[in-house]
Q: 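Here's a structure for you.
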Amino acid sequence: MRLRDIRPEDRRGLIGFDRVPEGRPAAGGYRHWATHRADVTDPGDDRHLAIETRHGQTLVGSIWLQADPASGRFSYGIGIGAPHRRCGYAGDAVTTLLGFMFEQRGYRECEVSVHGRNFASLALHARLGFHEQGRPRDTELWPGQVRYPVLMAITADHFAARRPASAAAPGPARPWRGRHWRTPRRGRHWRAEHHS
């Protein structure tokens with residue numbers, strides 16, 4: 001997968017990710033597209049990016065980044081469209097983003113807030129090396145449930161320790177390949193001409 005700037009033609013796909021299978025908008029509205037709608041003249045390191053497959057350039061989700069250069073910290077939010085979940089795109093996108101922000105932009109820490117009931121996201125972030133920082137009492141009330149945030153963080157040093165080959169490479173940081181790139185057995189849709 002790769003990260004790229006949001007394009008106007010992505011609007012339909014991002015809105016579609018926020019619809020339930022029956023075609024109605026999901027509760028909360030168009031989260032993916034609304035995040036990318038604002039026109040910002042000087043975003044600094046704040047970015048709104050599309051997540052797309054490297055082969056076929058299929059839009060699979062989006063990631064939005066908020067950075068504070070003065071403190072050396074940044075955070076992000078990520079959304080993967082329902083048809084593309086459980087394929088490794090979120091992990092690959094987050095790893096790519098962390099590598100860029102830590103190794104090339106010089107940030108020192110990444111902090112994220114995950115809904116406590118989102119067990120898949122909690123497990124993903126733990127697998128990537130994030131540590132739980134706390135569970136604030138700031139809750140959200142939804143029909144029939146209460147949601148609470150779990151704050152998680154990872155430092156540049158901890159990230160580099162988990163990626164020694166990348167951190168020790170001379171010169172510019174090597175692009176991080178996702179786990180699908182390293183898979184020795186190719187899927188049924190892979191063709192030889194795709195290999196570069």
Side-chain angles (χ1 to χ4, degrees), residues 1-6 17 28 31-32 34-36 38 40 43-51 60-81 84-142 145-169 172-180 182:
M1 54 67 42
R2 73 181 185 113
L3 302 177
R4 62 161 174 80
D5 289 327
I6 295 290
F17 290 155
R31 293 180 306 272
H32 282 277
T35 303
H36 305 290
V40 181
D45 279 337
D46 291 358
R47 291 283 182 259
H48 302 139
L49 303 168
I51 303 168
V60 298
S62 61
I63 191 166
W64 46 100
L65 168 69
Q66 291 183 319
D68 181 9
S71 69
R73 294 179 179 166
F74 67 96
S75 63
Y76 64 86
I78 187 168
I80 302 293
H84 309 291
R85 291 180 187 149
R86 307 278 189 250
C87 295
Y89 296 124
D92 290 349
V94 170
T95 301
T96 300
L97 180 69
L98 292 175
F100 175 75
M101 294 299 285
F102 287 146
E103 297 169 4
Q104 296 186 23
R105 301 297 296 162
Y107 283 84
R108 296 184 306 274
E109 186 175 20
C110 177
E111 299 173 328
V112 295
S113 177
V114 180
H115 283 294
R117 293 180 55 120
N118 189 345
F119 301 119
S121 185
L122 290 170
L124 167 69
H125 284 89
R127 191 170 61 250
L128 293 175
F130 283 77
H131 297 285
E132 186 175 324
Q133 302 293 305
R135 295 178 182 230
R137 294 181 183 224
D138 184 19
T139 59
E140 291 183 27
L141 299 176
W142 283 60
Q145 59 182 304
V146 176
R147 295 185 177 183
Y148 60 91
V150 177
L151 301 180
M152 302 183 82
I154 187 171
T155 64
D157 292 339
H158 187 70
F159 180 74
R162 295 177 64 87
R163 289 180 49 181
S166 174
R174 296 185 328 196
W176 181 253
R177 303 271 186 193
R179 71 177 182 208
H180 298 295
R182 296 187 305 270

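Keep in mind it's a predicted model, so treat the numbers as computed, not measured. Sequential numbering from 1 along the given sequence is applied to the chain's residues.
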Q: According to side-chain hydrogen bond (donor to acceptor under 3.5 Å, both in side chains), who are the partners of Asp68, at least two apart in sequence or on a separate chain?
A: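 By the side-chain hydrogen bond (donor to acceptor under 3.5 Å, both in side chains) rule, Asp68 matches Ser71.
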
Q: How close do Gln66 and Asp46 get, heavy atom to heavy atom, and via which atoms?
A: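 Where Gln66 meets Asp46 most closely, the heavy atoms are CA-OD1, 3.3 Å.
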
Q: So, taking the atom named CG in Leu97 and the one named CD1 in Ile63, what distance separates them when rounded to the nearest 0.5 Å?
A: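 Leu97 atom CG to Ile63 atom CD1 measures 4.5 Å (nearest 0.5 Å).
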
Q: Kindly write out the residues that satisfy ring-ring contact (aromatic ring centres under 6.0 Å, His included) with Phe100, not counting sequence neighbours, or none if the list is empty.
A: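 With sequence neighbours excluded, Phe100 shows a ring-ring contact (aromatic ring centres under 6.0 Å, His included) to no residue whatsoever.
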
Q: Let me confirm one number: the CD-CZ distance from Glu109 to Phe159, rounded to the nearest 0.5 Å.
A: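 Nearest 0.5 Å value for the CD-CZ distance: 14.0 Å.
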
Q: Going by side-chain hydrogen bond (donor to acceptor under 3.5 Å, both in side chains), name the residues that satisfy it together with Gln133, two or more places apart in sequence or in a different chain.
A: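 Checked Gln133 against side-chain hydrogen bond (donor to acceptor under 3.5 Å, both in side chains); zero matches.
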
Q: Got a sec, which residues hit side-chain hydrogen bond (donor to acceptor under 3.5 Å, both in side chains) with Thr155, two or more places apart in sequence or on another chain?
A: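 Thr155 satisfies side-chain hydrogen bond (donor to acceptor under 3.5 Å, both in side chains) with no other residue.
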
Q: Not counting sequence neighbours, which residues clear side chain to side chain contact (heavy atoms under 4.5 Å, CB included) with Ser113? List them please.
A: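 In terms of side chain to side chain contact (heavy atoms under 4.5 Å, CB included), with neighbours along the sequence ignored, Ser113 is linked to Pro149, Leu151.
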
Q: Report the residues that fulfil ring-ring contact (aromatic ring centres under 6.0 Å, His included) with Phe74, sequence neighbours left out, ordered by chain and then residue number.
A: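 With neighbours one apart ignored, the set is Phe102, Tyr107.
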
Q: Name all residues meeting the side chain to side chain contact (heavy atoms under 4.5 Å, CB included) criterion together with Ala120; count only those two or more places apart in sequence or in a different chain, and write none if there are none.
A: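 Result, side chain to side chain contact (heavy atoms under 4.5 Å, CB included) vs Ala120: Arg86, Asn118.
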
Q: Looking at Gly61, is its backbone amide N or carbonyl O close enough to the side chain of His84 to form a donor-acceptor pair, meaning the two atoms are under 3.5 Å apart?
A: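 No; zero donor-acceptor contacts below 3.5 Å.
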
Q: By side-chain hydrogen bond (donor to acceptor under 3.5 Å, both in side chains), which residues pair with Arg4, not counting sequence neighbours?
A: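 Partners of Arg4 under the side-chain hydrogen bond (donor to acceptor under 3.5 Å, both in side chains) test: Asp10, Glu52.
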
Q: Shortest non-hydrogen contact from Pro69 to Ala67?
A: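 Scanning both residues completely, I find the closest heavy atoms to be CD-O, 3.6 Å.
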
Q: Taking Asp5's backbone N and O only, do any of them form a donor-acceptor pair with Arg47's side chain (distance below 3.5 Å, no angle check)?
A: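 Not at all, since once roles are kept as given, no pair shorter than 3.5 Å links the two residues.
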
Q: Please list, chain by chain and in numerical order, all residues satisfying side chain to side chain contact (heavy atoms under 4.5 Å, CB included) with Leu124, sequence neighbours excluded.
A: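 With neighbours one apart ignored, the set is Ala90, Arg127, Leu128.
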
Q: Taking only residues two or more places apart in sequence or in another chain, which ones pass side chain to side chain contact (heavy atoms under 4.5 Å, CB included) with Ala93?
A: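 If we apply the side chain to side chain contact (heavy atoms under 4.5 Å, CB included) test to Ala93, skipping adjacent residues, the hits are Met1, Leu3, Ile51, Ile78.
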
Q: Please round to the nearest 0.5 Å and tell me the distance separating atom OG of Ser75 and atom CE of Met101.
A: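 So the gap between those two atoms works out to 9.5 Å.
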
Q: How far apart are the closest heavy atoms of Ala153 and Glu111, and which atoms are they?
A: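 Minimum heavy-atom separation between Ala153 and Glu111: CB-CG, 4.1 Å.
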
Q: Which heavy atom of Ile6 sits nearest to which heavy atom of His48, and what is that distance?
A: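 Minimum heavy-atom separation between Ile6 and His48: CG1-O, 3.4 Å.
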
Q: Give me the atom names and distance for the closest heavy-atom approach of Met152 to His125.
A: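 Of all heavy-atom pairs spanning Met152 and His125, the closest is SD-CB, 3.8 Å.
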
